[in-house]
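Hydrogens, waters and symmetry mates play no part in the numbers below; they use all other heavy atoms, side chains included. Bear in mind the structure is a predicted one, so any value in this text is a computation, not a measurement.
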Amino acid sequence: QVQLVESGGGLVQAGGSLRLSCAASGSIFSINAMNWYRQAPGKQREMVATITSGGSTNYADFVKGRFTISRDNAKNTAYLQMNSLKPEDTGVYYCNAEIRLVSRAIISYWGQGTQVTVSS
C-alpha cells in the first residue's frame, strides 16, 4: 500500500510564502516523477510543477520565477516552495507521484490535497 500525504497549506496574504510537503510511504521500489497540481474552484486541475527522479524540473508559466519544486529521495518527499503568492494561486494543491512497485508496475498516486488560500 502506498500513500501520499500533503501538508503545509493555509491562509496567506498576497506576496507571502508557503512551503508544501508531500510525503510518500509504503512499500516503494522507487519513485519516478513527483508532481504538484492545483485546482481552483470551478476550474480544471492544472499542472504546477514536476520533478524527475534525477532532479530535472518543469514549471507552468504562471509560477515560473515564484515557485520551486524539490525532492528528498531518502525521505520519499517532495516540496513546493511558493513565494510571491497571488490571489489567483488560491486552490487545492495535490501531490502526484509515479511510483514503481516491485512487480515493475508503475502506478500514479494522488494525495488528498491541501488548501492554499491567498488573500488580497
What distance separates [X] [atom1] from [Y] [atom2], expressed to the nearest 0.5 Å?
{"X": "Lys86", "Y": "Arg66", "atom1": "NZ", "atom2": "CZ", "answer": "4.5 Å"}
{"X": "Arg100", "Y": "Ile106", "atom1": "CZ", "atom2": "CD1", "answer": "4.0 Å"}
{"X": "Asn76", "Y": "Arg71", "atom1": "CG", "atom2": "CZ", "answer": "8.0 Å"}
{"X": "Leu80", "Y": "Met34", "atom1": "CG", "atom2": "CE", "answer": "11.5 Å"}
{"X": "Ser17", "Y": "Gln81", "atom1": "OG", "atom2": "CD", "answer": "6.0 Å"}
{"X": "Ile99", "Y": "Leu4", "atom1": "CD1", "atom2": "CG", "answer": "5.0 Å"}

Is there a side-chain contact between [X] and [Y] (heavy atoms, below 4.5 Å)?
{"X": "Phe67", "Y": "Leu85", "result": "yes"}
{"X": "Ser108", "Y": "Asn96", "result": "yes"}
{"X": "Arg38", "Y": "Glu46", "result": "yes"}

Please tabulate, one pair per line, all N/O donor-acceptor pairs under 3.5 Å involving side-chain atoms of residues 47-62, not counting sequence neighbours.
unit_1, atom_1, unit_2, atom_2, d
Thr52, OG1, Gly54, N, 3.3
Thr52, OG1, Gly55, N, 3.3
Thr52, OG1, Ser56, N, 3.1
Tyr59, OH, Ile69, N, 2.9
Asp61, OD1, Lys64, NZ, 3.2

Going by atom type alone, with no hydrogens or angles, which donor-acceptor pairs under 3.5 Å involve a side-chain atom of residues 109-120 and a protein atom two or more places apart or on another chain?
unit_1, atom_1, unit_2, atom_2, d
Gln112, NE2, Glu6, O, 3.2
Gln112, NE2, Glu6, OE1, 3.3
Thr114, OG1, Gly9, N, 3.3
Gln115, NE2, Thr117, OG1, 3.3

Tyr37 and Arg45 side chains, donor-acceptor separation under 3.5 Å: no
Through direct or indirect side-chain contacts below 4.5 angstrom among Ile, Leu, Val, Met, Phe, Trp and Tyr, which residues connect to Phe29? Val102
Locate the shortest heavy-atom distance separating [X] from [Y]; write the atom from each residue and the value.
{"X": "Leu20", "Y": "Met82", "answer": "CG-CE, 3.7 Å"}
{"X": "Ser21", "Y": "Trp36", "answer": "O-CH2, 3.6 Å"}
{"X": "Ala97", "Y": "Ile31", "answer": "CB-CG2, 4.2 Å"}

Would the distance check show the side chain of Ser103 and the main-chain N or O of Leu101 forming a donor-acceptor pair, the cut-off being under 3.5 Å? no
